[in-house]
Structure formats: structure tokens, C-alpha cells
Protein chains: 2
Amino acid sequence: MNVRDAATRSGLPPKTVRYYDDIGLVVPDRRGNGYRDYDNRAVQKLAFLKRARQLGFSIDDCRQLLSLYEDNERASADVKALAETHLEEIDRRLEELQHLRETLKHLVHACRGDDRPDCPILADLSGDK
Amino acid sequence: MNVRDAATRSGLPPKTVRYYDDIGLVVPDRRGNGYRDYDNRAVQKLAFLKRARQLGFSIDDCRQLLSLYEDNERASADVKALAETHLEEIDRRLEELQHLRETLKHLVHACRGDDRPDCPILADLSGDK
DNA sequence: CCTTGAGCTTCCAGTTACTAGAACCTTTAT
DNA sequence: ATAAAGGTTCTAGTAACTGGAAGCTCAAGG
């Protein structure tokens with residue numbers, strides 16, 4: 001199956017599918033004319049990647065997940081460890097964002113937002129205590 | 001003052017300070033020998049940038065904030081509008097991340113994490129319903 | 001005065017995960 | 001025969017730096 005079909009079925013843009021070939025994530029067979037030829041297995045892997053990326057796993061994470069996915073001898077503990085590490089990262093990022101949100105909300109609330117130059121947001125940014 | 005001192009005082013790495021010069025964010029004077037020469041005003045701006053970047057404003061946002069910062073005729077409403085837009089973006093990102101966290105937490109919880117290959121995380125990623 | 005080491009300069013490459021576009025080839029349909 | 005559609009590769013651009021190399025300048029010690 002050609003790249004466009006593989007893309008459609010996996011839900012990824014064709015450009016991305018080619019990119020995943022380039023970086024060796026999902027490497028399809030090639031036909032005599034040089035066209036990529038994807039089988040169902042490859043499409044499955046592409047769909048797997050789409051989902052994993054949506055869940056915020058990095059390409060590097062995906063590489064590991066994919067090899068675990070392919071490995072019938074794998075231990076589920078390996079997968080779980082990867083997911084847990086990722087979860088911790090998400091928690092860190094969430095905390096940062098929440099903190100940021102509070103600060104910003106506070107500043108926005110404090111700013112009168114009229115046509116005068118007086119602005120607590122800029123005052124804060126400038127390091128004013 | 002040389003770039004290293006400006007960097008130290010503003011809390012930014014010297015590389016970043018030079019970068020901000022390159023992209024025209026904070027352009028210092030040059031001395032006869034070609035060395036960058038920062039005054040207190042420039043250091044203030046660098047510190048301003050550091051804080052704004054920490055709050056997640058993009059470089060482009062920063063460019064606008066900086067010009068508002070410099071403009072004594074500004075209307076605080078302009079600043080507020082910028083900050084509000086940014087706040088909305090943060091809220092969107094927060095929601096995404098929280099959703100993601102739930103999904104992932106659920107999966108991690110469901111996975112036994114032993115030495116057997118059976119793994120609900122991989123099952124989910126593969127599109128298994 | 002000379003040398004050494006620190007600090008400055010610029011420029012190039014790498015990072016992440018694609019995406020846009022150009023130039024060119026192959027297949028399919030008219 | 002030709003034109004459109006779809007395939008190929010390659011380069012460059014995105015955001016915001018960061019690391020490293022080659023080379024110039026400056027201050028201090030012998």
C-alpha cells in the first residue's frame with residue numbers, strides 16, 4: 001500500500017509517515033519503482049505511534065515503546081516504568097503551568113486595563129518588588 | 001559592562017544575552033574593540049526578559065511587552081490584553097495536560113508491571129478498544 | 001617586552017518533530 | 001500523447017537557544 005493510504009489509515013499526515021521512515025521508526029518495503037510499500041503491520045505501528053505521540057511520549061520514548069511492542073518476550077514492568085517516568089514529567093509540567101497561571105492571573109486581575117500607562121504587569125516583569 | 005557581567009546581573013546565560021542581541025531584542029553599544037557594552041538600562045531589560053520568558057511569554061510576545069515597557073504613553077489595556085491571551089493559552093495547555101495525565105495514570109494503574117508480556121498500556125497504544 | 005590565560009568576537013552545527021516547497025519521476029486516465 | 005495525480009528526494013524553516021571552534025583582545029607575571 002502506498003504512503004497516502006498508510007497515512008490515511010493510521011491517521012498521520014503523509015509527510016510524517018515519510019519522516020518516520022527517514023528516522024528509522026517505521027521502515028516500509030520498497031517496490032521496484034522506489035515507492036514505499038506499507039503492509040498492515042506497518043500501518044498498525046504507525047497508528048501506535050500516533051497514539052503514543054498524542055499521549056506526549058517523545059520520539060525516543062516511542063522508539064523504546066515500539067521495540068517493546070514488537071517484543072513478545074517483553075516484561076510489562078518495562079513499559080510501566082517508561083510510562084511512569086513520563087507521568088512524573090507531566091506532573092512536573094502541570095505544577096509549573098499551574099504556578100504560572102496563578103501568577104499571571106493575579107497580575108491580569110491587578111491591572112486596571114485602561115488607557116493609562118500604569119501597569120502592575122509591567123511593574124512585576126521589571127522586577128519591581 | 002561586558003557581556004558576562006550583564007549576564008550575571010540579569011540572571012541569563014551569556015550565550016542567551018548574545019542571542020538577544022543577534023535577534024535585536026536588547027542591542028548593546030559596542031566599544032572600540034568590538035566588545036558589547038551593556039548599561040544598567042540594558043541589564044534591566046534583560047532581567048525583564050528573563051522574567052517574561054519564565055512566565056511563558058514567547059520571544060515575540062516579549063518583543064511587544066518590551067516596547068510597551070519602554071513606551072511611557074502606553075495604555076495598560078494593551079499589556080493586559082497580551083497577558084490575557086497568554087493566560088487563555090495556558091488554560092488550554094493545562095486542560096490538555098490534565099486530560100493526558102488522567103489517561104496515562106489510568107493506564108499505568110491498570111498495568112501489573114511484572115515480568116509477563118501482558119500489558120494494557122501497549123494494548124491501548126495499539127488501538128485496542 | 002613577551003607570554004599566558006581568561007574573556008571577548010563570530011559563525012556553524014545541533015536540538016525536537018515535523019512541515020513547506022521545489023525539482024523530478026511514475027502511474028493512470030483520457 | 002498528454003495531463004493530472006501521486007510518488008521520490010532534498011533543502012530549508014520553525015522556536016529558542018546551546019555547544020564548540022577559530023581567532024582577536026586584554027590584564028598580569030616574569
Side-chain angles (χ1 to χ4, degrees), chain A residues 1-39 42-43 45-66 86 89-90 93 96-97 100, chain B residues 1-39 42-43 45-66 86 89-90 93 96-97 100:
Chain A
M1 144 188 10
N2 279 346
V3 70
R4 190 157 304 258
D5 291 330
T8 306
R9 292 209 206 171
S10 64
L12 291 169
K15 280 275 192 193
T16 302
V17 174
R18 288 197 194 93
Y19 174 69
Y20 287 166
D21 177 9
D22 287 348
I23 63 173
L25 258 190
V26 178
V27 181
D29 288 341
R30 293 289 183 140
R31 288 210 292 269
N33 56 12
Y35 284 24
R36 290 172 178 81
D37 190 8
Y38 290 87
D39 57 16
V43 171
K45 290 206 264 172
L46 289 172
F48 178 99
L49 284 172
K50 188 196 175 185
R51 178 92 174 114
R53 292 287 298 128
Q54 271 175 355
L55 287 181
F57 286 97
S58 73
I59 289 289
D60 240 38
D61 288 339
C62 286
R63 220 180 276 277
Q64 291 179 64
L65 285 172
L66 212 50
H86 185 50
E89 266 166 42
I90 288 173
R93 187 86 192 110
E96 269 175 40
L97 264 184
L100 209 128
Chain B
M1 133 186 24
N2 279 347
V3 69
R4 192 159 301 260
D5 291 331
T8 305
R9 291 209 207 171
S10 64
L12 291 169
K15 277 278 190 187
T16 302
V17 175
R18 288 196 193 93
Y19 174 69
Y20 287 167
D21 177 9
D22 287 347
I23 64 173
L25 259 190
V26 178
V27 180
D29 288 340
R30 295 287 184 142
R31 288 208 294 267
N33 55 13
Y35 284 22
R36 290 173 179 81
D37 190 8
Y38 291 87
D39 56 17
V43 171
K45 290 206 265 173
L46 289 172
F48 179 98
L49 284 172
K50 188 193 175 188
R51 179 93 174 111
R53 293 286 300 128
Q54 271 174 356
L55 286 182
F57 286 97
S58 72
I59 290 288
D60 241 38
D61 287 340
C62 287
R63 221 180 275 277
Q64 290 180 63
L65 285 171
L66 212 49
H86 185 51
E89 267 166 42
I90 287 173
R93 280 195 59 69
E96 270 174 41
L97 264 184
L100 207 128

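To find a chain, count down the sequence lines: A is the first, B the second, and so on, and within it residues start at 1.
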What salt bridge (Lys or Arg N to Asp or Glu O under 4.0 Å) pairs are there with at least one residue in residues 47-57 of chain B, not counting sequence neighbours?
A:Asp124-B:Arg51
Please say whether more than 12 non-hydrogen atoms of neighbouring residues, nucleotides or ligands are located less than 6.0 Å from CZ in B:Arg93.
no
In 5'-to-3' order, the base (B), backbone-only (S) or no-contact (-) status of each nucleotide in nucleotides 21-28 of chain D, using a 4.0 angstrom heavy-atom cut-off, is ----BS--
What's B:Arg31 touching, base or sugar-phosphate or nothing? Going by heavy atoms closer than 4.0 Å.
nothing
Where chain A begins and ends its contact with DNA chain C, read 5' to 3' at 4.0 Å from heavy atoms
C:dA17 to C:dT27
Contact list please: residues 54-62 of chain B against DNA chain D, heavy atoms, distance less than 4.0 Å, in numerical order.
B:Ser58, B:Ile59
Quick one: is A:Arg4 getting a side-chain N or O under 4.0 Å of the D:dA5 phosphate, OP1 or OP2?
no
Between atom OH in A:Tyr19 and atom C1' in D:dT9, what is the gap in whole Å?
16 Å
Pick base, sugar-phosphate or nothing for A:Pro14, based on heavy-atom distances below 4.0 Å to the nucleic acid.
nothing
Would you classify A:Arg18 as touching base, sugar-phosphate or nothing, given that sugar-phosphate means primed atoms plus P, OP1 and OP2, and contacts are heavy atoms under 4.0 Å?
base
So what is the end-to-end bend of the helix from C:dC1-D:dG30 to C:dT30-D:dA1, with 5 pairs used at each end and the value given to 10 degrees?
40°
Under the ring pair (Phe, Tyr, Trp, His ring centres under 6.0 Å) rule, collect the residues that match up with B:Phe57, sequence neighbours excluded.
B:His86
